[in-house]
Every structure is written in C-alpha cells, then in structure tokens.
Amino acid sequence: MQAFLKTGKISNADKPSSSGTKVVKKKPPAPWVEKYRPKTIDDIVDQGEVVQVLRECLAGGDLPHLLFYGPPGTGKTSAILAAARQLFGDITRDRVLELNASDERGIQVIRDKVKSFSQLTVSNKRPDGRPCPPYKLVILDEADSMTSAAQAALRRTMERETRTTRFCLICNYVSRIIPPITSRCSKFRFKPLARENVIKRLQEVCEAEGVDVGNGEILQEAVHTCEGDLRRALTALQCCQRLIGKITPEGLIEVTGLVPQELVDKFLSTKNYSELEAFVDSFLMDAYSASQLLEQLSATVVQSGHLTNKQKCVISEKIAVCSHRLLDGGAEVMQLTDLGCTIIMANSDP
Amino acid sequence: MGDYPDPDEEYELMYSDELELLRDMDGNTESNPIRKKLQTAKRSLDFSSPVAKKIVSNERRNSNTASNNSTDGSFSLTPSLQHLDDILPSSNGPNKRTVEDLFGDINDIDFDNIQLPSKKQKTEEECDMELIDKIIEGRRQRQLLTEPSARGIVNTGPNYVVKENLTTSVPKWPFIPLKNSNGDRIYVRLVCEDLWEDSLDKVTNQLSLQTTYASVWEEARKIIEAKKQETESTELSHETGIKDNVVDELWVEKYRPKSYVDLLSEEPVNRALLHWLHLWDKVVFKKDVKTKEPHQRIAFSKRTGQFQMSNNWKGKKENEPELDEDGRPHHKVALLCGPPGVGKTTLAHLLARLAGYRPVEINASDERSTEAFQTALQSATLMQSVLDAERRPNCLILDEIDGAPIQTVELLVKWCTASAKKEEGKKKNKTQPLKRPVIAICNDLYATSLRPLRLVSLIVSVGSTSAARLAARLTRVSRAEHVRVTARALGALAARARGDVRTALHLLAFLKARDRETINVEDVENAAIGTKDSTTSMMQALQAIFTINDSEPTSILKTIQAAGEYDRIVEGIFENYLTARVDSRLLIACETTTWLRLYDIVSSWTQRTQNYSLYSLLPLCIARCHSLLASRQQLKVKFPMQAQEMSRRRAELESAVAAVRAARVDVSRRALRLDLLPLLPYVLSPTLRSANIQLCSETERKSLRACAGAMCDFGLQYSQQRTPEGLYAFLLEPDVYKVAFFGSEERLRPPPAVRQAIAREQQLEIIRRNENMMNRMCSKNSSSEAKQKTDKQTITKDVKTELPNHLQRLQPKVIEKPTRVSVSFIYTN
Amino acid sequence: MSLWVDKHRPRDLMKLDYHKDQAIRLKSLVQQSDFPHLLVYGPSGAGKKTRIMCLLRELYGSGAERLRQETMHFTTPSNKKIEIMTVSSNYHIEVNPTDVGIHDRVVIMDLVKNVAQTHQIDSSGQREFKVVILNEVDDLTKDAQHALRRTMEKYVATCRLILIANSISRVIPAIRSRCLTIRVPAPTESEIANVLHIVCKKEGLSLPTELAMRIAKSSDRNLRRALLMCEASKVQQYPFTADQKVPEPDWQIFIKDTARMALSEQSPKKLGEVRQKLYELIIHGIPPDIIFAGLLKELVRNCDMSMKCQIASHAAQFEHRMRLGNKPIFHLEAFVAKFMAIYKKFMEDSLGDVF
C-alpha cells in the first residue's frame, strides 16, 4: 500500500499540470438515467395531476410543501428537479438543497444543515434582475429512509420557515413518513408508468445513443423485466449495452440479476423433496439471488391461474416469512428449502 | 514516634488508665445485653484470649450509675481475675504517683467525655447523663487514687503483681499486648495457671486475713444477685416509660459493638486481624513482638485443647516469617471480605482502636481518583494527628475497596510492596515506606480490580453471622429496647436477614415502630422489607432453578435477579438441563431450548442496540426454565465450563488460522477454513518409502517438493522442539492438522523422519525461490524496483548464511520474510 | 506457488476454462472507454477471484500481478487502532474488510479515500483510475454498505471498486444498482472434471475419467476444493485408480457423523453427545449456517414428506433466529432436540400402528 500510494504521489508531484487538466478532461460518461432525465416538467411521462400543479406554480402561483410518493422509477425525483430548474434557472444551485439517502441525514444534519439553509431569506429577484419565486427549495429524496427522530426534527422547521422555504419529500412508502409531516404537505401519488409510454421513452433514448434495439420486442421485454420502473429499465439497457455490446433479452436478465422465469416456474411446480434439494443446490450454485426469486415468485403466484386461493394464501404467507428471514441474514439454502416444502405441501393439497 | 512519651512516662499514664479501666468494668452492669450472651463463648477461652480479660466498654447506661460499682459476677473473666479486679480498686496502695500525674489522667477522662457523645450519637439526655457519670467517675477515681496512697505501702504483694504483670514497655516475660479504653498500650504478663493460683491466693490472704477466698466469692455472688434483681426491676419500670421515648438513633449505631466481646464475628477472624495488627507493633511502637510469640503459644496450647483449634491460623503461619526484614508484617495490607452487614467495618474500627491506633477511614463516599487517594494515603499513614491529644498512630481503613478504580488499587499495591526496597536505599530520606497498618474492606474478594491486592494482603474473610447467634443478639437488643418479641419471631428474623446484622436490626426497629404489643412470626414474615437482596451466588441460583421450592414457589425470580450474571446462569442451565428430568420424548428439552433461544435473542438484541427496555425479560426466560426443569430429586449441578472451554479452544485454532492467513491474504477466510485447510494436510503428508531423499524415486521427490512448496506458500514450518521425554520432535507451526481434523489428525501426520525430510526440503525450496527471484530481478533491473531488489538480496544473504546451520529453531525469522516475498509473485511463476 | 490451485490458475481472460462468453464480454468491457464499478458474485470456488485478476491484467498489463502484502493501520472514531492485511500492486489494492468486524466502515471509507486521492502513474498511463477490490461484501455491516454507496459516487473519477460477494441477496439494492453485476455461476461437474483433466495433463499425470467425475461430484461444484482433493488423492495414492478413496474435508464427514448420531437414538443422553460434536464443529470455525445446512440435509433422509416439511421449516426458523442471537450452540442444539422429538414421536406412532 505504501508503495502504491507513493508512486501515485510522486507522479502527482512530478506532473501537477497534467493531472490537473486530466481531471477536467476525463469525466466519466454520465449514466443514461442522468443524461436523459427530463429537462422540463412537460417531459415527464404520465402523472398529469402533478405536472399540472407544478405548471401552475411555474406560471406564478405559490408552491405548497410537496410529498411525492409512488413506486420507484416513476419520475418523482425527475419531476421536482425539472421544476426546480425551471423555477430558478441558473441560480438553482443556491436555491435548492437536495439530500438523498446517501447523504448523512441524521437528526444532526436536519438540525444544522437543513435549518440553517431554510433560515436564509431570499429576494424575489435573480442577480440579473429577472423575477423568480421568493423561496428556496429543500428536496429530501428517499425520505422514508430517514429516522423518525430526524423527521420529527423536521416538522417544526417546515412550519416556521414556510415564508422562505418549500420542502419536497420524496418516498416510496408514504406510510413510513410520520403523520405530522404528511399533514403539512400536499401529497401526490405517482402512478406506475403506462407501458407504452415507457417503451416510447426507451426508444427515444436508444435512438439518441445509437443503439440498435430492433423492433419493440426487446424493449417490451425490458419493460417487463423491470416492472414498469423506467430508471431500472434504462440502467439495465445501459449495462447490457456495455457488457454485451448489444441488447438482448438474455443480456437484460443477466444484468438485472433476474431469475429466469423457467426457474421460477420449476420451483413452483416442485413435486418432491429430492427434486427440491437438487433445485435449491443448483439454483444457488448458479449464483442466483434467493430474495430475487422470492420477489418474482410472489408475482407469479398471485397471477398464477392453476393455483387455488388456498394454495396462494399458504405460499404467499411463507414467501413473506422467508423474505423477512432473508433480510435478517438467514441462510438462503434454508429459507428456500423451507419455502419449497410449503410449496410441495400446497401442491399436493389443492 | 518521637512525639510519643518515653516508655517510663507512658507506663505511668497507662497504669492509671488501667486502673480506670478496671473501675469502668465495675461500672458496667449487664444492662448492656450483649455481654451476657458473649460471656459463655469467651469462658472456654479462658483468659488466654488476649482480650477476654480486658473489656473496654465505654458504654454506660443511665440505668446504672457509677454508684453501682459492685463487681459484675457474670463477667467473662475467670474467678481468679475477678479477684484481681476486686482487689485492685480497694488496694490502690501500690500506686506511687503524684497528684500531678493524676491530673493528667483526669484530663484524659474529660477528653473522653467530650469525644464520646459525638461518636455514639446518643440522645441529648443520654449525653448529659453520661457526662455526669463520667465526671462522677473521674472524681471518684481521683479520690481513690489519692486516698489509698497512704495505706498502700502495706500491701507489697499486689504491688508486685500489678507492677510486674502490667507494663507499658515491652516486658521480658511472656505477655500479651492489650489496649485500654484510651487506646494506650499495656502489656499483661502471662503466667501459667498454677502460678496464678498461687499468687492469687497470696493476694487474697494478704488482702483480708479473716475472709477466705470462698467467703469473698460468696459475697460477690450475693452482690451480683442483688444487682440482677435491681436491674430487672428497673427494666420493668422503664418498660412503660421508655415506650413513648422516640429513639432518633439508628439501632445499628446504638448497638454497634463497643468492645471486643461485643463483636458478632467469629472469634478466629477477630483474632487473625488483631494478631496482624499487633505484628505492626515493631514498626509503629518500636516494640519487639516476635520473640515472645512462641512462649505465648506454648502457654496457650498447654491450657486447653480447644484453643488450639482457633489457633490454627497462627500455626499455619509459622512456616512463613510473619515479619519482613523491616520488621513490618509480611502482609502489608489486611483484606477483610465478606457479605454486607456482617460487621466488617465495625470490626476493623474496633480492633484498630484496640490495638492502639486511630482509625482513619476512606470509603466510597470519598474521592477515589488516584491522586486523591495518594494524598489520603500519605496523610493517613505518614502523618499523625496533632489535634488529637491521644496522639495515636493512624490505622488506615479503606472501606468498600472493591468499588475503587483499578488504578487506585494498583497504586496501593505498588506502594505497599515497593516501599520496602526504598527504605534500604534512603533511610534518611523523607519518603517513608508504609509504616502503618492498612485494612481494606470489600464485599467481593474476587472483584477483578482487587486481583493485585489479593496477592499481597492478608485475607481475612468474615463469614456471615449464624442465625442462632444473630437471634441471640437480637434478643438482647429487643430486651434493651423493651420490645416483646417471641423467640420464634426472632429466629425467623435472623433467618430472613441471612447473617446481615444490619438488616435484622433495621427490620426489628421497623417492627417496633409499628407499636404493637408483641411481635410474632407473622409480622416478621409479612414485613415487606428486610429480605436480603443480592449476594446469591450464581451457583446457588442455578441450584435453585433445578429444585422445586415448596415453601416459596415464587421466589425463583427474586433469586435469579439477585444472582445477576444471567449469561452464566443460562450457560449453567444449558449444561445441566439434559439430566434434570426424565424426558424420554425430549419435549422438555425442546421447550427449554425454546426459552434459551429466546433469551439469547433478547440479550443479543439488547447488546446490539444498547436498548435495555427488554432487559427485564431475561430473568423471566430463566424462571420459565425453572418451571420446566425443577424437580424434587437433588441434582448435582455442574459448574458451567463448556462455553469457556469452547471459546478457549476456538481462540487457539483461530490463531492458527490467522497465522496461515497472514501468509495468504488473498484467500478469503471462509475458503481457507472450509476448502484449503481441511485438504492441505493431505498434500503435506507425502508417503515416502524412506526418509533418505537420495533413495527416493522421482515421483516421491516431486511430491516432497510440492509439499515443501505448499508449506512455504502458507507460512508453515516444522520447528524442532524438545518433548517432555527429552527427545527432539518436529512440530508443525501453525498446526493446520488440528484445524483440519476432528480428533483424527494424528493418523495423517507424517512420521518424524519424513517431517525432517520435509523440513530440509523446505529450506532448499526457500533458497531456490530466492535465487529465482534474484535472476528475475537481474534480468528486469528496472529502476523503480531497485529498492525492492536490494531488499530481496539481503534476504537471500540471510538465508545463505543461515543455511549450514541445521538448527531448526532458528528458522522462524528466516522463513517469514521469504514467504512474504514469495507471495508477491503469486501469479507470476 | 506449488499447490495446483495456485500453480494452474489461468492468468488470461481468454484462457479461462469455462464461462468463456462471459470472458469475452469482460474483455470487451475493458476495451470500452469507461469502466464501471463491478459487483462480482457467485458461490465459493467458482472462480470469481481468478476472473478479477485476469481482468486486472487486461486493464494494466502484467504489472498488476506484482503483488505485495502489507498491513495497513486505521483509527476508528472511538480512537481504537485497527490493522488490516492488504494485497496490492501499483494499480490496485485488495482488502477483506470483514476481517475487522464491526469497524469495516472505517476501513472502507479511509481506504477508498486514500486510494482515490492519489493519482495513477501517468507514464504507464493506460487508466486514470485505480482499482479497489473488496472481498465478502455481502458480509459487510449495513452501515458499511451504506458508506460504500456514498464512497462509490464520490470518488468515481479516480477509483473503481470491484466488489466480491458470495450471494447478492445480502447486498443492498443501492449498491447493486450502482454496479455492473457479474454473475459467476459455479462450474458444472463436467466442467470441473474437464479442468481436472487439463491440470493433470499439465502435471504429467493420467487421471481416470471415473475418478475425475467422483472428485467433481464430491466437491460440491467448488473448483478450488476439487483441485485440492485431486492433489490430495494424488499424494495419497499414485498412480490413480478409478475407485481410490478421495479425501474429503473432515468437517463434512463430521457433520454427517453428528447427524447419524441424532438418527441412531433419540434421548437426552444422546443429545448431550451430539452437543459435544456441535461444540467441536464450532471450535473448528465451521460457520453455523453450514452446520445447519449439513445437518438438515442428512437428517431428513429417512423421513416422509410431512416430516421433512416440518423439519425444514424448523431448521429455517432456527437458523434465522441464530443469526439474531449470539450463541449458535443453543440454536443448533435446539434444532437437534426438535428433530429428535419429532422423529421419536413419528417412530412411536408408526410402531403403535403396527401393534
């Protein structure tokens, strides 16, 4: 390590100029997700209601505190970022504080950073004299991962600084936000995106990147594997493009870590224990993820036509239990075996 | 010591004090209830017990005034001594002192008068009464002392007796050092019984020529009887009056033992401590103690067989010198330990006083940081009280030392031990060594912080008072307080207190405060207070878990909570539950493990989150195990050892794995554990037909080489070690065989000859590798790696110089580096 | 390196013995302008590390193979000094953050920061970034994983992370979505047998096909284990015979023994004996989840379906609880006790039916 660091340092000392320029020159290419994020709120796919509200406030109306919730990849962050950009233009940097889960968001940060930011007063003029809204915007992305203590610390700040600051909270599960906060915000639910809209958007991106996706089938597949999550679909497409050089359904499954549907079906139709044992072994040896299997299995079971309601109940319950145990760090092999046993029993007793 | 009066002066002072003391004893009646009980215990000891004949009792009760100075017949002295007592006051003739001396004496008494109330915290009336008593006593004493001086010339006999038997300087005859009420030191001669008999006869004859010994004895009896009746009557009369007297003194203070005989602790314990205190005499009072010891002992053992038993602790000690070269006791610190409330602090204070010291106490309420402690230590042991007219040396009592921080204890230990050497070097220097006794008091002898202290100190463990003894004492207290308590109730009280005098007294006071006519068993049992908490040991709790308790079915939870150490208890349950009950279907086992698992989860969660809201559930889990496992048959509960043993062995193997891993960081621990190490030994055990490499076939040589290479890769080596039988054996280090196999490792170990061959081959392999590397270095010779190269060259050189030396023990240093270097080419060869 | 596992490790992406199309993809990935963070996952002995080392060689040339072993020191916020062994070259550094237990977060943050703040040698200049390889990412604490995701974004300009995990289940989604995930399935038995043949050929030995298959079968699709077993059996007996004894890791045999013990008799006494064996396994550092899995596999052999079901569900439940607790032995023994109770009841019931 010492030598490792040393060599680096030496080169740095030797050629300060070149390394300085290099940093500027070699910026890693942005992920497609960032690159093709909607620039204006009109670019937002679907979500008519929210877009309308934002449009009105862009036209000069007041902005309430916002709480966006909905499944991942439906454009929550994109919407508010686009709105902020349109509202503040080039002073966005000064007027917007964006914190997401990867930043420290303990109660201390809420107390210090957020509070001091929100206490600043701002004028309704830009430096260049053009008008702009007389408030600042605090965006708390992935707010459901904030501790409830931190959320509680937020509520007073939200109320007191209404004059100068608007808050926008973004989360997947509104139930994880404490009621005092939800009651202070206007809530907007982001619907899962309509499939055709997602495909349309993907197609646009692929064209812009010059990637050949053939006819819509692959994209259909992509949307399907990503369950309507536009961001995931874009990420998957990019990874697939990178790794394989072209976009294929198999490649998509590979990069998203999905379990092939055949395996899910096979697991669901297990007949006896030895079969189950063999399946679990090979499944894990092939390095598939058990939690992913459970996720897909859950969807499959619910939609499945050949299972009775009773069977569905039994299996779904076990899936829930096993997912919980897996989250706690339980061994995959045990949980899969347990679930498999339940499936076998359910299968034999319709 | 210079401040001290020289022996002659002291003698004069002491002598008068002694007289006063004796008069004090006259003044004492049995109104102090404690005395009566103890006398029986003491009688068997005879006066050989150093303190039995000297009762320092400052206790004076308003019921008996100084006028009541007839001899207390029930006194715990032998008849002969009583006679002496009788004689002394009446025949003060031998006293040759001047009045001036006596004045000083009286001053002393006055001092006591001022001091006493503050110590005992009596009620005001009592104080006043006491003061008056004292003054009267003082007056009377002066009278007595001055008056008989005229006629004293007649009685030369007693003179001889007194003068020769009591002295303040160390006498030449067998003696026993004592302390009078002022804490001054006197020495009493020890003579054999016959001699005593003779001399006493002489005294009595001389004293009263007409009255015989028997008649005097008879007279004394009468007086005692009369006095008994008197006190009883006063007691009765008081009964009505005292009841409305509000006692604002805690009984614990009120009935704190004031003299040696009042002590509730076991006699050998008291003596052990007292003896140790006397060992300090040489340093503190500049008196030789040691030389006379044997005589004393012989004299004792001659007398009664009983005594020898209580003398055991002394006998044991005879082997080791009791004093070190400085004349200080071998143990510099006495460590008193025992459960709370058995009177450790009282014992320490009383004995220190008795041995002539001024007790200086440092307890948990004082600051105990290292600095504060040091100053306290120094001031207490090096200095002397100037204000106190008694000018006694200090005796430091460190109460509750188990709560002190470990640094403090270490300081104490260092100070105790290091000072001995210091003294030799700079005797004139002001830095004085520890020259005063230090008594440390603790509850838990095995507290970790006390470990260093345990080694250097005399450990005196004070057992809890037996219920019977405690009950007897309680009877006395209740009589003195005029509380009617049935005997059974007292018994129950004593049992409930479990040897804790303090608790028992509190409970008694509490019951009395309820103002009932009598206190009976139900009262005691229904009282919510007074159950002694804590100090149930882990093993007791464990035993309780496995036995059905019919009398108190719900007490198990309390027992568990008292024992604490839930983890150990659970381990104990785990190790014992399989044998607890007949359980052929394993249903109990399943249920028990369910609760044990729950315990584990809750306690882990508590530890992990540092959230103690569920902590109170832990004893419930254990209590549930009790309801599952308890049985009537006595189960021999084993002490939980397995878990510790497991972690020890695990750590052992862990270190072996870690050693291998240090050589191969690129392999993950799991892979090393599960794949590499279990199979590596097979590779390391090549089958050779002979140990001589020259005779080996090509394939054998190859496998030998592979083996040596693998050993280099994994940082293993054979080192030659001497076995207990005196043979040299090649042992693998780290021993991967142990890690890989479960008990069958010896099967696969190569025979010694092969091991030697492998060891040789490994050395060759190291050289080969280094040469290899050298060549590569030379061929590449890149400037950036010049430094590395020189490194490796030096290593190679090292190995080469080392080569002819076949002593394997020198290897470790050599091998470590090459293996590390070899790693740097993992993927290059 | 003299063990076959090390000696015959492929050093070039194109020379890998299986998953060849994946190798081609990795090669093409290297040739692209940007190189993403990687998350390589797969079971033990599948060849994750081999692939990564090949990849590094592809990125930096043979300089990446010049390895050093060093100890690094870190200080935790609570001022505790910790040290960790690292393997590094001029271009990359590899650590096993789980070695320091709960302090893994500190190691990750400091290490990546250190690496990222120093720039790469320009003259050799293929890449402007260095690589940090983190092992056993799935065993990192949640705290460390969250720290990792911040670090990944922050220092993306000067360093790339290659994360290695056995299973992706325990890696938080935020990390997964920031990495290009590469799945390395364990080699199939025939692939293993194939590799064994190749290695033996290189060693100049002849390996009977049946023996190769037997080794492959008993290696649990773990190539590392298979190669070691092969070498061990060579040391034990050569020339090979098709039916010679293949040495197996002793712990596997021991777990089987333990299970057999529980099957032979169901009584508290036997349970006590089983406990000693379980202790022994724990002492030898066998992870408790592996003991659990091994026991389950062996115990259910003679049971009927409903019993298997019961036992499996108990095993799953107990194993999960064990993760939450501190004393694996309690949970292991509880499982054995439960099994014995179920088994005994079943035996008595079936006997009762007979009479």
Side-chain angles (χ1 to χ4, degrees), chain B residues 574 578-579 583-587 589-590 593-594 596-597 600-601 603-605 607 642 646 649-650 653-654 657 661-662 665-666 668-671 673-676 678-680 682-683 685-687 699 703 705-707 709-710 712-713 739-744 820 823-829, chain C residues 1-3 6 9 11 44-45 49 53 65-69 85-87 94 96 98-99 135-136 222 224-225 228-229 231-232 235-236 238 247 249-251 254 266-269 271-272 279-280 282-287 290 318 321 324-327 330-331 333-334 337-338 340-341 344-345:
Chain B
F574 183 65
L578 287 177
T579 49
D583 181 25
S584 65
R585 286 169 169 250
L586 289 139
L587 298 176
C590 287
T593 47
T594 309
L596 292 183
R597 286 189 307 132
D600 181 33
I601 290 167
S603 86
S604 311
W605 183 83
Q607 274 175 20
Q642 288 176 349
M646 182 191 87
R649 287 185 54 200
R650 187 174 178 175
L653 293 183
E654 196 80 47
V657 175
R661 188 125 195 286
V665 183
D666 59 320
S668 81
R669 187 168 293 188
R670 203 177 160 108
R673 265 265 155 81
L674 297 181
D675 300 340
L676 270 172
L679 292 167
L680 191 60
Y682 291 101
V683 183
S685 315
T687 42
T699 48
S703 74
R705 196 167 161 190
C707 167
C712 288
D713 290 348
V739 182
F741 293 105
F742 293 76
S744 58
R820 277 195 55 181
V823 170
S824 34
F825 288 86
I826 292 172
Y827 300 103
T828 46
N829 44 3
Chain C
M1 292 278 117
S2 53
L3 284 185
D6 301 316
R9 193 189 287 269
R11 286 164 52 222
S44 180
K49 191 59 108 15
M53 291 317 291
E65 290 174 335
R66 210 166 299 282
L67 301 178
R68 284 181 301 272
Q69 193 170 318
M85 301 289 289
T86 63
V87 175
E94 179 186 340
N96 213 338
T98 45
D99 285 357
N135 275 311
E136 297 174 15
N222 182 335
R224 184 190 300 117
R225 200 180 287 169
L228 276 162
M229 280 162 117
E231 190 173 357
V235 175
Q236 297 261 297
Y238 187 79
D250 208 31
W251 57 267
F254 200 79
Q266 291 80 40
S267 69
K269 189 166 156 283
L271 186 55
Y279 263 135
E280 204 61 36
I282 293 175
I283 287 167
H284 279 76
I286 307 301
I290 290 196
F318 284 24
R321 292 290 173 84
L324 301 177
N326 270 342
K327 298 190 171 76
F330 283 13
H331 304 267
E333 180 162 312
K338 196 86 203 170
M340 282 183 169
K344 185 139 194 171
K345 187 164 181 300

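Residue numbering restarts at 1 for every chain, and letters A, B, ... go by the order of the sequence lines.
Across all non-hydrogen atoms, the minimal contact from L586(B) to P268(C) is CD2-N, 4.0 Å. Closest non-hydrogen pair, D600(B) versus N326(C), comes out as OD1-N, 3.0 Å. Taking each heavy atom of P678(B) and D250(C) in turn, the nearest pair found is CB-N, 4.4 Å. Counting all heavy atoms, side chain and backbone alike, I286(C) lies closest to F742(B) at CG1-CZ, 4.2 Å. In terms of heavy atoms, C590(B) sits closest to A337(C) at SG-O, 3.5 Å. The two residues L228(C) and L676(B) come nearest to each other via the heavy atoms CD1-CD2, 3.3 Å.
Only the side chain of L653(B) comes within contact range of chain C, with heavy atoms under 4.5 Å apart. Interface residue S267(C): only backbone heavy atoms are found under 4.5 Å from chain B. Contact of Q266(C) with chain B is made through backbone and side chain together, with heavy-atom distances under 4.5 Å. Contacts between K344(C) and chain B at a heavy-atom distance below 4.5 Å involve the side chain alone, from C-beta outward. Within the 4.5 angstrom heavy-atom criterion, only backbone atoms of A740(B) (N, CA, C, O) approach chain C. E94(C) touches chain B through its side chain: at least one heavy atom from C-beta onward sits under 4.5 Å away, while N, CA, C and O do not. With a 4.5 Å cut-off on non-hydrogen atoms, Q607(B) touches chain C through its side chain but not through its backbone. Within the 4.5 angstrom heavy-atom criterion, only backbone atoms of S685(B) (N, CA, C, O) approach chain C.
With sequence neighbours excluded, no residue forms a side-chain hydrogen bond (donor to acceptor under 3.5 Å, both in side chains) with H284(C).
Per-residue heavy-atom pair counts under 4.5 Å with chain B were compared for K338(C), K345(C), K327(C), and the maximum is reached by K327(C). Options M229(C), R225(C), E231(C) differ in how many heavy-atom pairs under 4.5 Å they form with chain B, and the most are formed by R225(C). Note on T579(B), L680(B), T594(B), L596(B): by heavy-atom pairs under 4.5 Å with chain C, the leading option is L596(B).
Considering only heavy atoms from C-beta on, R673(B) stays 4.5 Å or farther from I290(C) through its side chain. Side-chain contact between L679(B) and R224(C) is absent, with no heavy-atom pair separated by less than 4.5 Å. Using a 4.5 Å cut-off on side-chain heavy atoms (C-beta onward), L674(B) and P287(C) make contact. You'll find the side chain of R670(B) stays beyond 4.5 Å of the side chain of T98(C), heavy atoms only.
A distance of 4.5 Å separates CG of D99(C) from CZ of R669(B), quoted to the nearest 0.5 Å. Summarising the geometry, atom CZ belonging to R597(B) is positioned 10.5 Å from atom CG belonging to L324(C); distances are rounded to the nearest 0.5 Å. Atom OG of S604(B) sits about 12.0 Å away from atom CZ of R321(C), to the nearest 0.5 Å. Distance check, rounded to the nearest 0.5 Å: CG of L587(B) to CE of M340(C) gives 13.5 Å.
Ring pair F574(B)/Y279(C) is perpendicular by interplanar angle, where above 60° counts as perpendicular and below 30° as parallel.
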